[in-house]
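As the structure is a computational prediction, the values presented were derived from the model and not from experiment. Note that ligands are numbered from 1 as they come in the structure, with each ligand's atoms numbered from 1 the same way. One-based numbering along the sequence shown.
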Amino acid sequence: MLNEVFSGQLAVVGMGYIGLPTATVLATRGIQVVGIDVNSRIVEAISRGETPFIEPDLAVAVSGAVAMGRLSMSREMPEADAYIIAVPTPFNADHTADLSFIQAAAKQIAPKLRPGAIVVLESTSPPGTTEKVSRWIGEIRPDLRMPHVSGATPDIYVAHCPERVLPGKIMIEMITNNRVVGGLSTDCAIKAASIYRVFSQGEILLTDAASAEMAKLVENAYRDVNIAFANELSLITESLRLDVWEVIRLANQHPRVNVLSPGPGVGGHCIPVDPWFIVAAAPEQARLIRTAREVNDHKPHHVADQVIAKARRFVSPSIACLGLTFKANVDDIRESPAIEVVNLIAKALPEVEIMVSDPYVEELPELLNSNANLNLVNAGEAVDRADIILLLVEHEAFKSLRHTRHNGKVIYDTRGAWA
Ligand SMILES: NC(=O)c1ccc[n+]([C@@H]2O[C@H](COP(=O)([O-])OP(=O)(O)OC[C@H]3O[C@@H](n4cnc5c(N)ncnc54)[C@H](O)[C@@H]3O)[C@@H](O)[C@H]2O)c1
């Protein structure tokens, strides 16, 4: 059983940035996979072999898996030998985790379960969530021995396997990253690991479910705290009239120092969200983690304030904002600090023309739509016409604009792309 490799029917619940690549790598390695999503646009697109978002190497793998008949889509939960839950885990207004998507998925899976089935939670979750999944299923299926109560071999194996892939490199990292598989019992971990053995070339580390849940949160809190250090440095150096990029470059000459790069804030689906789950779980103890969140959340306001102050020195300025996504060279705009910065500037300066440019964004995000002074234009035009150029995302396409056509313009490079 220890080195078992899964070979049955598998359902992936939630076919987004994590679920779709996971379903696809399993399907391309011979597993019969059904993808489930509540969003009919996603179900229809993937059924046609299309990929609803940009991720290198994913589109060809999806169309191949669909064409081979290995990957199909449904809105209805099927009977399967294993289920992977990859639904969102946003936070509530009080920063606690919103587990309603996971609960809904568990309730949909429960009626379909047969003894011997495996349920793996991949969604990033606070400690104890995998056990809740087992409880939620147990409430609907009292006929099944669930692992949170049963000391003996359970009927259903429930485990957590967090995902730590980097958007932009998901298809490589999904195969090569080490995986942590935390079971509600040892058997649960071993059974769940058999799924990842189908495609993973990394090490598969078995542990308990709560440690696996916490390890994932710790990874993102670690990143957040280190980015907060860089962001705080950028404020300190600005007040001391020093160049933060030069200071960091010099400090990083130390063999055991690796200061990260500052930016306009922290975005994406994970890093600005997950540390709050730790703060909510241990509010008294998690003081540094909370402060890091506050430092990073403050940074978009600081950048906007600086640009607004610069604009007020002009009679009739125009501003170019380069980049809207949360990081370079991806089309993901979730929790993007760049969007927040642009919105703050546009609201504070309603009479000022603001040109926004991002090669990965075809229409203005909803938050920005209500600003009449905002236009999406190409980067060349924005740079040519603007008095103030604000670089928010270091997309490859923007790097080539360095030092060209910038004469006499105010440059605010939040990413050090032109440093
Ligand atoms: N995106 C990343 O880089 C990343 C990395 C590591 C971990 N995670 C975690 O993975 C989880 C999923 O993230 P994502 O980025 O793939 O989210 P996503 O929003 O891209 O995809 C989630 C999908 O789940 C669907 N969904 C919601 N409720 C459903 C239900 N009851 N049944 C079926 N489908 C349902 C949504 O329609 C959506 O398509 C989250 O917990 C996230 O924190 C994400």
With no hydrogens and no angle check, is any side-chain donor or acceptor of [X] less than 3.5 Å from a backbone partner on [Y]?
{"X": "Asn375", "Y": "Val377", "result": "no"}
{"X": "Asn329", "Y": "Glu396", "result": "yes"}
{"X": "Asn231", "Y": "Gly263", "result": "yes"}
{"X": "Asn226", "Y": "Leu260", "result": "no"}

- Judged by heavy atoms only, the candidate from Leu20, Thr22, Val38, Thr129 nearest atom 34 (N) of ligand 1 is Val38
- Query: What class does the angle between the rings of Phe91 and Trp276 fall in, given that below 30° is parallel, 30 to 60° is tilted and above 60° is perpendicular?
  - Reply: perpendicular
- Contacts of type side chain to side chain contact (heavy atoms under 4.5 Å, CB included), residue Asn373, not counting sequence neighbours: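 By the side chain to side chain contact (heavy atoms under 4.5 Å, CB included) rule, Asn373 matches Ala346, Ile354, Asn371.
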What are the atoms of ligand 1, with element, lying closer than 4.0 Å to any heavy atom of [X]?
{"X": "Gly16", "answer": "16 (O), 18 (P), 20 (O), 21 (O), 23 (C)"}
{"X": "Ala86", "answer": "12 (C), 22 (C)"}
{"X": "Asn39", "answer": "37 (O)"}
{"X": "Pro88", "answer": "19 (O), 22 (C), 24 (O), 27 (C)"}
{"X": "Cys270", "answer": "4 (C), 5 (C), 6 (C), 7 (C), 8 (N), 44 (C)"}
{"X": "Val13", "answer": "32 (N), 33 (C)"}
{"X": "Pro167", "answer": "3 (O)"}
{"X": "Ile36", "answer": "33 (C), 34 (N)"}

- Query: Is there a donor-acceptor contact under 3.5 Å linking the side chains of Ser234 and Lys299?
  - Reply: yes
- Item | Polar contact flag, side-chain donor to acceptor under 3.5 angstrom, Ser100-Asp98 | yes
For [atom], what is the nearest protein heavy atom, given as residue, atom name and distance?
{"atom": "atom 13 (O) of ligand 1", "answer": "His269 CD2, 3.6 Å"}
{"atom": "atom 23 (C) of ligand 1", "answer": "Asp37 OD2, 3.6 Å"}
{"atom": "atom 28 (N) of ligand 1", "answer": "Phe101 CD2, 3.6 Å"}
{"atom": "atom 43 (O) of ligand 1", "answer": "Thr124 OG1, 3.3 Å"}
{"atom": "atom 6 (C) of ligand 1", "answer": "Glu163 O, 3.1 Å"}
{"atom": "atom 10 (O) of ligand 1", "answer": "Ile18 CG1, 3.6 Å"}
{"atom": "atom 17 (O) of ligand 1", "answer": "Arg334 NH1, 3.5 Å"}
{"atom": "atom 11 (C) of ligand 1", "answer": "Val87 O, 3.4 Å"}

- Message: Counting the benzene-type ring for Trp, do His269 and Tyr17 have ring centres under 6.0 Å apart?
- Response: no
- Message: Using the rule side-chain contact (heavy atoms from CB on, under 4.5 Å), only one of Thr22, Leu10, Val181 pairs with Ile195; which is it?
- Response: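 So, applying the side-chain contact (heavy atoms from CB on, under 4.5 Å) to Ile195 and each of Thr22, Leu10, Val181, only Leu10 qualifies.
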- Does an N or O anywhere in Tyr17 fall below 3.5 Å from an N or O of ligand 1?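 There is such a contact, yes.
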- Does Thr89, backbone or side chain, put an N or O under 3.5 Å from an N or O of ligand 1?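 Min N/O separation from ligand 1 is below 3.5 Å for Thr89.
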- CD-CD distance between Glu79 and Gln9, expressed to the nearest 0.5 angstrom: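 With rounding to 0.5 Å, CD (Glu79) is 9.5 Å from CD (Gln9).
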- Looking at CG of Asp155 and CZ of Arg114, how far apart are the two atoms once the value is rounded to the nearest 0.5 Å? 13.0 Å
- Note on the structure: At under 4.0 Å between heavy atoms, what of Ile42 touches ligand 1? The answer is side chain
